[in-house]
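Everything on this sheet refers to the single structure shown next.
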Amino acid sequence: MEEILRQILKELQHPNVDIKSVSIKEAAKILGISWSKLKSLMDAGLIRYMITSPRQGYQIPLWEIKRFQEQYMGYDLSDPWNPVKFDKAS
């Protein structure tokens with residue numbers, strides 16, 4: 001599993017990663033958050049996802065993880081429905 005995550009993180013730096021996706025469990029590991037926190041971010045619309053089949057469940061494209069990290073860097077997401085940009089001076 002660790003080798004798979006290393007490979008995924010390596011692929012995130014590649015600009016043409018538009019068709020690969022990971023499960024919600026793998027995405028949570030990549031982001032370093034719990035499954036429930038990731039689900040809250042998804043429910044609030046901050047992370048886009050797809051449901052590919054009932055068996056496979058949620059899938060999150062790798063480019064979406066990267067977009068999320070870039071867009072919400074510097075935000076307090078403790079309440080995903082009210083993201084707040086924090087001031088560096090605080």
Side-chain angles (χ1 to χ4, degrees):
M1 184 66 157
E2 292 300 318
E3 184 58 34
I4 293 169
L5 288 175
R6 273 193 224 95
Q7 182 63 29
I8 291 169
L9 291 171
K10 184 178 176 183
E11 290 173 357
L12 279 173
Q13 297 172 3
H14 192 282
N16 298 323
V17 193
D18 56 358
I19 57 170
K20 296 188 180 183
S21 61
V22 294
S23 70
I24 190 171
K25 185 177 177 182
E26 292 166 326
K29 276 194 168 194
I30 290 168
L31 291 168
I33 59 177
S34 69
W35 182 94
S36 60
K37 180 62 177 183
L38 179 56
K39 186 71 171 76
S40 294
L41 294 169
M42 292 164 59
D43 291 343
L46 302 183
I47 295 182
R48 296 173 292 193
Y49 61 93
M50 57 192 158
I51 300 175
T52 54
S53 72
R55 185 168 161 246
Q56 226 178 351
Y58 299 104
Q59 291 288 303
I60 301 173
L62 293 175
W63 54 261
E64 175 60 12
I65 295 170
K66 186 173 182 178
R67 182 209 60 84
F68 168 77
Q69 290 175 316
E70 291 171 354
Q71 183 172 343
Y72 290 101
M73 179 60 68
Y75 279 79
D76 176 357
L77 301 174
S78 52
D79 177 1
W81 288 268
N82 296 301
V84 177
K85 189 166 181 100
F86 55 83
D87 184 7
K88 291 180 185 175
S90 310

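Note that the structure is a prediction, hence the values are computed from the model and not measured. In what follows, every heavy atom counts, from backbone to side chain, and hydrogens, waters and symmetry copies are set aside.
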Pairwise side-chain contact, [X] with [Y], heavy-atom cut-off 4.5 Å (strictly under):
X: Met42; Y: Pro80; answer: no
X: Leu62; Y: Lys66; answer: no
X: Lys20; Y: Pro61; answer: no
X: Leu31; Y: Gln69; answer: yes
X: Ile24; Y: Lys39; answer: yes

Legend entry - Rounded distance [0.5 Å steps], CD1 in Ile47 versus CD1 in Ile33: 5.5 Å
So which heavy atom on [X] is nearest to which on [Y], and how close?
X: Ser78; Y: Lys37; answer: O-NZ, 3.4 Å
X: Leu38; Y: Ala28; answer: CD2-N, 3.5 Å
X: Glu26; Y: Ser23; answer: OE1-N, 2.9 Å

Inset, instruction - Could you check Val22 against Ile65 for side chain to side chain contact (heavy atoms under 4.5 Å, CB included), going step by step and ending with a plain yes or no? - result: CA-CA 10 Å; Val22 294; Ile65 295 170; 3.8 Å; yes
Inset, instruction - Output all residues satisfying ring pair (Phe, Tyr, Trp, His ring centres under 6.0 Å) with Tyr72, sequence neighbours left out; order by chain, then residue number. - result: Phe68, Tyr75
Inset, instruction - Quick one: which residue pairs count as a salt bridge (Lys or Arg N to Asp or Glu O under 4.0 Å) with a foot in residues 67-79, not counting sequence neighbours? - result: Glu64-Arg67
Inset, instruction - Look at the side-chain heavy atoms of Ile, Leu, Val, Met, Phe, Trp and Tyr, link any pair under 4.5 Å apart, and say whether Ile60 and Ile51 land in one connected group. - result: yes
Inset, instruction - Could you list all the ring pair (Phe, Tyr, Trp, His ring centres under 6.0 Å) pairs where at least one residue sits in residues 22-41, not counting sequence neighbours? - result: none
Legend entry - Where at least one partner belongs to residues 37-60, residue pairs that pass ring pair (Phe, Tyr, Trp, His ring centres under 6.0 Å), sequence neighbours excluded: Tyr49-Tyr58
